[in-house]
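Residue numbers start from 1 in every chain, and the chains themselves are labelled A, B, ... in the order their sequence lines are given, proteins ahead of strands. The model shown is predicted, which means the values in this text are computed figures rather than measured ones.
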There are 2 protein chains.
Amino acid sequence: MLIGELADKANISVDTIRYYEREGLIKPVSVRDSGYREFDESSADTLLFVVRAKDLGFSLKEICTLLRLKNDPDTTCGEVKALAEKKITDVILKIKSLQAIEKDLTALLRACTDTAASVDECPIVDSLDKKEKEI
Amino acid sequence: MLIGELADKANISVDTIRYYEREGLIKPVSVRDSGYREFDESSADTLLFVVRAKDLGFSLKEICTLLRLKNDPDTTCGEVKALAEKKITDVILKIKSLQAIEKDLTALLRACTDTAASVDECPIVDSLDKKEKEI
DNA sequence: CTTGACTCTGGAGTATAGTCCATAGTCTAG
DNA sequence: CTAGACTATGGACTATACTCCAGAGTCAAG
């Protein structure tokens, strides 16, 4: 199949597929003399793999590594596991950082009772102004 | 004080300060004929405001709005509160999405018991390969 | 054999938040 | 007065993940 059909199948744009090719995520099965790329079902599978890994928070670079591991017969499950473990650590760190932000913002919102007050008395602006961080 | 001293005080680079100026976050108190920018304590305060707002997850664009509101005597606390509320909604959404990722990754890691196994039998790779998402 | 849909390449643009650089001018201490 | 530290400007570059475009070539149907 040509790139347009593949794009429809994987539900991503032809530009994105060409971009993924440049990034080494996918290779056409063959290329005609005209330059037209030809793909098959396994290409669609690869794209689905990419989309799913992206949903799990992997970057294109990491997905590239995953695909390489996946296609290397000498790869052990442990190598893949290590990547997933590193990723989950990243994710947990991000969650923690966002939760700290949420906590701070919530405290500020609770402190802000009189919405009609001037910005000079706004506890939110006030806390950002403070020298010491003591919300 | 000149830009270098301000940079030391706020613990950010002179390049970043000039970048913030271009983005409208800060203005020198005055500019010499030579082009040298002059700042004062309030400049340092503004930069601290920016850094703290950044820590709370606000983008530079949003901080720009916050600063504008803060310096406008007609601004009410409610306007600031609305921004903070929007931001907290964003943060909560991000947390939820990351938690979903964490859940999926954890499930995959638990499924992966034999780290020495070939990648062909790796449940992580397997789940990314699957047509249906049914981890 | 022509028309219209499709594809190619290469490059530019988007958003975010900076960082780094060369070249040139300025300032101040000794 | 000069050396060395500092500053200015404009533009390029980083990373991520695309998106869009022009101009040219290709392909299949009628």
So if I take residues 22-29 of chain A and measure heavy-atom distances to DNA chain C, which residues fall below 4.0 Å? none

DNA chain D: 5'-proximal contact among B:R18 and A:Y19 (nearest heavy atom): B:R18

B:S43 pairs by side chain to side chain donor-acceptor pair (under 3.5 Å) with which of B:T46, B:D45, B:D40? B:D40

Starting at the 5' end of DNA chain C, which residue's closest nucleotide do you reach first, B:S34 or B:K54? B:K54

Rounded off to whole Å, could you give me the [atom1]-to-[atom2] distance for the [X] and [N] pair?
| X | N | atom1 | atom2 | result |
| --- | --- | --- | --- | --- |
| B:L60 | C:dT16 | CG | P | 9 Å |
| A:R37 | D:dT26 | CZ | P | 15 Å |
| B:D33 | D:dT7 | CG | P | 18 Å |
| B:M1 | D:dC6 | CE | P | 16 Å |
| B:E21 | D:dG10 | CD | C1' | 14 Å |
| A:F58 | D:dA17 | CZ | P | 13 Å |
| A:I3 | D:dC27 | CD1 | P | 15 Å |
| B:E5 | C:dT28 | CD | C1' | 15 Å |

For residues [X] and [Y], report the shortest heavy-atom separation together with the two atoms involved.
| X | Y | result |
| --- | --- | --- |
| B:L66 | B:A53 | CD1-CB, 4.5 Å |
| B:E85 | A:L109 | CG-CD1, 3.7 Å |
| B:K87 | B:G57 | NZ-O, 3.3 Å |
| A:C77 | B:P123 | SG-CD, 3.9 Å |
| B:I3 | B:R18 | CD1-CG, 3.5 Å |
| A:V80 | A:L69 | CG2-CD1, 4.2 Å |

Every protein N/O within reach of nucleotides 1-5 of chain C N/O, cut-off under 3.5 Å:
none

Picking from C:dG18, C:dT9, D:dT7, which would you name as closest to the side chain of B:V14? D:dT7

Which nucleotide in C:dT9, C:dC20, D:dC21 has an atom nearest any side-chain atom of A:D15: D:dC21

Ignoring backbone atoms, test whether [X] places a side-chain nitrogen or oxygen under 4.0 Å from the OP1 or OP2 oxygen of [N].
| X | N | value |
| --- | --- | --- |
| A:T16 | D:dA17 | no |
| A:R32 | D:dT26 | no |
| B:S13 | C:dT19 | yes |

Between A:D55 and A:R52, does at least one N-O distance fall below 4.0 Å, as a salt bridge requires? no

Salt-bridge test for A:K94 and A:D90: reply yes if a basic N is under 4.0 Å from a carboxylate O, no otherwise. no

Any donor-acceptor pair under 3.5 Å linking the side chain of A:D72 with the backbone of A:R68? no

